[in-house]
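Counting starts at 1 for both ligands and their atoms, in listed order.
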Amino acid sequence: MDQLAINGGKPTRSTYLPYSRQSIDDEDIQAVVDVLKSEWVTTGPKISEFEEKLAEYVGAKHAIALSSGTAALHAAIFAAGIESGDEIITTPLSFAATANCILYQRGTPVFADVREDTLNIDPKEIHKKISNKTQAVIPVDFAGQPCDYDKIIRIAKENDLIVIEDAAHALGAEHKGKRVGSFAGMTVFSFHPVKHITTGEGGMVATNNTGFADRLRRFRNHGITLDAKQREETGSWFYEMIDLGYNYRLTDFQCALGLSQLDKLPGWITRRQEIAQYYDAAFSDIPTITPLVNKSDVSHAYHLYVVQLDLEKLTADRTQIFTALRAEGIGVNVHYIPIHLHPFYRDSFETKPGDYPVAEKAYDRLLTLPLFPQMKNKDTKDVIQAVKKVVLAYEA
Ligand SMILES: *Cc1c(COP(=O)(O)O)cnc(C)c1O
């Protein structure tokens, strides 16, 4: 058996393979340069062009560009009318921003545990957490797989809740043939460089609701009724601030990058799915590695490829396996430390280990493997080879 790199053996790869990476080509760069040479550097024509193209792609009436996915979540919470005392149900197994956005508007996050198979929020748990203060639910399409929206939307209708879908992982995913972005009250996307397409930083909210769209647009511009471009078009200096908003605008040159990236998205998703299938097949005969279940009624956008380790059959824990794989040159990662276990949440809400047992058990076993469209077949093979080498070395 090959000596593990962590024990002084030869690493599987001599160069480090990250878990994700943006892809920016000369066309993308030219699109940005063109805008930098134009009249509008921010809040110009590229904003609405990017918004309209994304809205069309996801099948929504409106899309509103914001300066980050986090700003987009904050704006969605504002547009939903969340205020002090309101409860919003969300998953503990996400990036902290999913719950932080609730606190920005003085709402109270209430966590509902996840399903074991997909690690998506469990509709049965949502049901248990509903009180007369519940106003909204924020499901996260973990790794790029849509949640159980038939059930979630039914529960939301019955209890008069707004569904704010955190689809930072799920641009291009589908649920029962419907594109993510077309069915929730509001759907939030992120264009951080590790996500499907990038604008550097950036985000978008898609919605079919014109009232939400108006509030989202004002919120990103200080709560002001007209933006600079609209004022120039109407030849008026007059505006009024009617909400407490922020400067959450995305620039025109970032939108130019987003537009150029969006053209490539369908091909990139196909490539992500191809790599995921290749991994699925390779791991199907390794008993200590279990990929998350890919449900048959969704089209998974595979932002992440996540596996769970069968710790009962291994002599090492997740951290040891993580470290051994990093030593092999494989950029594994962990998504996520459950939000309720972060010190801020423990201090503010007295959350503690044991509160969300399914998410916590998953957290102890999770590993994210490298997955991005520009990975070569050789890279994929290296990942598989390194994973096999490491888990074999630690088999109980
Ligand atoms: C990336 C991400 C966000 C935040 O997006 P930013 O653009 O980085 O602000 C929110 N939620 C989830 C689930 C994410 O993965």
Would you call Glu51-Arg220 a salt bridge at under 4.0 Å N-O?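 Salt bridge flag = yes for Arg220 with Glu51.
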
Considering only NZ, NE, NH1 and NH2 on the basic side and carboxylate oxygens on the acidic side, decide whether Glu49 and Lys46 come within less than 4.0 Å.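 Looking at Glu49 and Lys46, the cut-off is met.
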
Are [X] and ligand 1 in contact, using a heavy-atom cut-off of under 4.0 Å?
X: Ser94; answer: yes
X: Gly202; answer: yes
X: Lys195; answer: yes

Got an N/O contact under 3.5 Å between [X] and ligand 1?
X: Glu201; value: no
X: His169; value: yes
X: Ser190; value: yes
X: Ala97; value: no

Of Arg13, Lys10, Lys389, which meets salt bridge (Lys or Arg N to Asp or Glu O under 4.0 Å) against Glu328?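 Answer after filtering Arg13, Lys10, Lys389: Lys389.
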
Quick check on salt bridge (Lys or Arg N to Asp or Glu O under 4.0 Å): which of Asp117, Asp141, Asp148 does Lys295 satisfy it with?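 It is Asp148; the other options fail the test.
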
Pull out every atom of ligand 1 sitting under 4.0 Å from any heavy atom of [X], numbered as shown with elements.
X: Tyr336; result: 15 (O)
X: Asp166; result: 10 (C), 11 (N), 12 (C), 13 (C)
X: Gly69; result: 5 (O), 6 (P), 7 (O), 9 (O)
X: Ser68; result: 7 (O), 9 (O)

Distance-only side-chain donor-acceptor flag, Tyr302 / Asn294, under 3.5 Å: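 There is such a pair between these side chains.
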
Testing the 3.5 Å rule here: is there a donor-acceptor pair between the side chains of His74 and Tyr248?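 Result is yes, a qualifying pair exists.
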
How does Thr70 reach ligand 1, if at all, at less than 4.0 Å between non-hydrogen atoms: by side chain, backbone, both, or neither?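 Thr70 to ligand 1: contacts from backbone and side chain alike.
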
For residues Gln254 and Phe50, determine if any side-chain heavy atom of one lies less than 4.5 Å from a side-chain heavy atom of the other.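 No. Closest side-chain heavy atoms not under 4.5 Å.
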
Are Tyr278 and Asn377 close enough that some pair of their side-chain heavy atoms sits under 4.5 Å apart?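 They are not in side-chain contact.
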
